[in-house]
Amino acid sequence: MVPLSWYLIAAAALFCIGVYGVLARRNSVGILMGVELMLNAVNVNLVAFWRYLAPDNPAGQVFALFVLVVAAAEAVVGLALIISVYRDRRSIDAEQIDLLRW
Amino acid sequence: MTGQQFFFLLFALITLLSGLRCVTSRNMFHAALYLVISLFGVSAMFAMLEAGFLALAQLIVYVGAIAILIIFAVMLTRGALTMPRGAQFNTQAGLAAVVSAALLFILLRVLPGFAYPIGDAAVPADITTTVGQSLVNEFVLPFEVASVLLLAALVGAIYIARERPKRQPGEGEE
């Protein structure tokens, strides 16, 4: 049996890799990839806790499923925004997307 | 070390290394392909946690749909930032590395310290049936809200990304 803490450590490392991607990338699609990695790390945590603490309760899996659904919706809208900005500005550099700057 | 532990370490190594390449690769297309490998590794972890339905859903939704979407977006937004030559990382990349390393350090110090109430109960054989039934019983409201969210995201994405008619000069921002 794999110890629970191994899953937690792997998920924490994946989350931190995602954080680095979000903070350091200039390409907006790259930022979105970092967000996807972070969401996946959270899902690994959820499923690991479900397996080790309450395997007979379906709520753990259902929650991870809803995270999956929300991640899909987020990716779709995010990529649509990026493509729209690219049409307008010919660039997806996150430092140049300052339409909302006041 | 048991076989399970060996395979867990293998999958974790694949997931983390390709995740690291995904955020550091200078070529965005390569980054997208590394993301696919990393998502495969997460799916394998789900399978090892005996969540078979989630492992397959992960494959279909992430590897099948979101990864393709991201690859499309990389290809549709060609320019200086897609190519390896351009500067891929902003000026705070070093600071970002420090912040995420510090976060990882804190998490690694904190996480193994708790006494989690781990039971040795086995996963019921009909867990997928139970999950499906609970989706239409106790979780029916979140289920419906999720379907409305997906519909809204669909319509919103089409609306946002559609081709707009050419703007008249003097109209619009700036």
Side-chain angles (χ1 to χ4, degrees), chain A residues 1-2 4-10 12-14 16-21 23-27 29-30 32-34 36-37 40 43-44 47-48 50-53 55-56 58-59 61-62 64-66 68-73 75-77 79-84 86 90-93 95 99, chain B residues 4-5 8 12 15-16 19-20 22-23 28 31 35 38-39 42 45-46 49-51 54 57 61 65-66 69-70 73-74 76-77 79 81 87-90 92-93 96-97 99-100 103-104 107-108 111-112 116-118 121 123-124 130-131 134-135 139 142 146 149-150 153 156-157 160-161:
Chain A
M1 196 75 181
V2 184
L4 171 62
S5 57
W6 289 20
Y7 282 103
L8 300 186
I9 289 169
L14 194 62
C16 293
I17 290 171
V19 167
Y20 174 75
L23 291 179
R25 279 274 190 208
R26 281 175 66 202
N27 192 321
V29 182
L32 215 63
M33 287 185 200
E36 297 298 334
L37 285 179
N40 266 283
N43 254 358
V44 170
V47 179
W50 162 78
R51 173 66 188 86
Y52 284 88
L53 302 191
D56 44 1
Q61 278 207 39
V62 170
L65 261 179
F66 284 128
L68 212 74
V69 169
V70 174
V76 167
V77 175
L79 292 174
L81 276 174
I82 290 171
I83 287 177
S84 171
Y86 178 74
R90 293 282 130 194
S91 165
I92 50 168
D93 187 343
E95 286 171 2
L99 296 156
Chain B
Q4 257 195 348
Q5 292 179 340
F8 172 80
T15 308
L16 293 181
L20 206 59
C22 169
V23 295
M28 282 314 289
L35 180 71
S38 191
L39 297 177
V42 172
M45 280 192 203
F46 286 167
L49 285 164
E50 299 176 58
L54 263 178
V61 174
I66 294 183
L69 213 64
I70 286 179
V74 168
L76 283 175
T77 56
L81 276 179
Q88 281 296 339
F89 301 99
N90 57 25
Q92 4 166 17
V99 166
S100 50
L103 182 63
L104 180 63
L107 284 176
L108 289 189
L111 278 178
Y116 299 106
I118 298 175
V123 177
T130 319
V131 168
S134 71
L135 270 181
F139 299 111
L149 172 75
L150 279 179
I160 291 169

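Side chains are part of it too, since the values below use all heavy atoms of this structure and drop only hydrogens, waters and symmetry mates.
Atom-to-atom distance recorded for B:F46:CZ and A:R51:CZ is 14.5 Å, nearest 0.5 angstrom. Here the CE-CG distance, from B:M45 to B:L54, works out to 14.0 Å after rounding to the nearest 0.5 Å. Atom-to-atom distance recorded for A:M33:CE and A:L37:CG is 9.0 Å, nearest 0.5 angstrom. Interatomic distance, OG1 of B:T77 versus CD1 of A:I82, reported as 7.5 Å (0.5 Å rounding). Here the CZ atom belonging to B:F89 is positioned 4.5 Å from the CZ atom belonging to A:R25, to the nearest 0.5 angstrom.
For a residue to count as touching a neighbouring chain, one of its non-hydrogen atoms must lie under 4.5 Å from one of that chain's; by this rule A:L8 touches chain B with backbone and side chain alike. Both the backbone and the side chain of A:Y52 come within contact range of chain B, each with at least one heavy atom under 4.5 Å from a heavy atom of that chain. Contacts between B:L104 and chain A at a heavy-atom distance below 4.5 Å involve backbone atoms as well as side-chain atoms. Of the two parts of B:V61, only the side chain, counted from C-beta on, holds a non-hydrogen atom closer than 4.5 Å to a non-hydrogen atom of chain A. Interface remark: B:L35 contributes side-chain atoms only to the contact with chain A (heavy atom separation under 4.5 Å). Contact of B:I160 with chain A is made through backbone and side chain together, with heavy-atom distances under 4.5 Å. Using a 4.5 Å cut-off between heavy atoms, B:L135 contacts chain A through its side chain alone, with no backbone atom that close.
Taking each heavy atom of B:V123 and A:P55 in turn, the nearest pair found is CG2-CB, 3.9 Å. Of all heavy-atom pairs spanning B:A73 and A:L79, the tightest one is CB-CD2, 3.5 Å. When all heavy atoms of B:A51 and A:W50 are compared, the pair lying nearest together is CB-CZ3, 4.0 Å.
Annotation: maximal heavy-atom pairing with chain B below 4.5 Å, among A:V69, A:L32, A:L68, occurs at A:L68. Chain B forms the most heavy-atom pairs under 4.5 Å with one residue out of A:V44, A:N43, A:N40, A:D56, and that residue is A:N40. Listed options A:A73, A:G34, A:G18, A:G30 were ranked by heavy-atom pairs under 4.5 angstrom with chain B; first place goes to A:A73. Ranking A:A64, A:S5, A:A12 against chain B, the residue ahead of the rest is A:A12, based on heavy-atom pairs under 4.5 Å. Taking chain A as the reference chain and counting heavy-atom pairs below 4.5 Å, the highest number among B:A157, B:G156, B:A12, B:A65 is found for B:A157. The most heavy-atom pairs under 4.5 Å with chain A, out of B:L107, B:L49, B:V23, come from B:L49. No other option in B:V131, B:L76, B:T130 has as many heavy-atom pairs under 4.5 Å with chain A as B:V131. Among the candidates A:V77, A:I83, A:L53, the residue making the largest number of heavy-atom pairs closer than 4.5 Å to chain B is A:L53. Of the residues considered (B:L69, B:V99, B:L150), B:L69 shows the highest number of contacts with chain A, using heavy-atom pairs under 4.5 Å. Between chain B and the residues A:A13, A:A24, A:A80, A:P58, the largest count of heavy-atom pairs under 4.5 Å involves A:A24. Interface remark: of the candidates B:L16, B:L108, B:L111, B:L16 forms the most heavy-atom pairs closer than 4.5 Å to chain A.
The ring pair (Phe, Tyr, Trp, His ring centres under 6.0 Å) search around A:Y7 returns B:F8, not counting sequence neighbours.
At least one donor-acceptor pair closer than 3.5 Å links the side chain of B:S38 to the backbone N or O of B:T15.
Side-chain contact check for A:L23 versus B:S100: every heavy-atom pair is 4.5 Å or farther apart.
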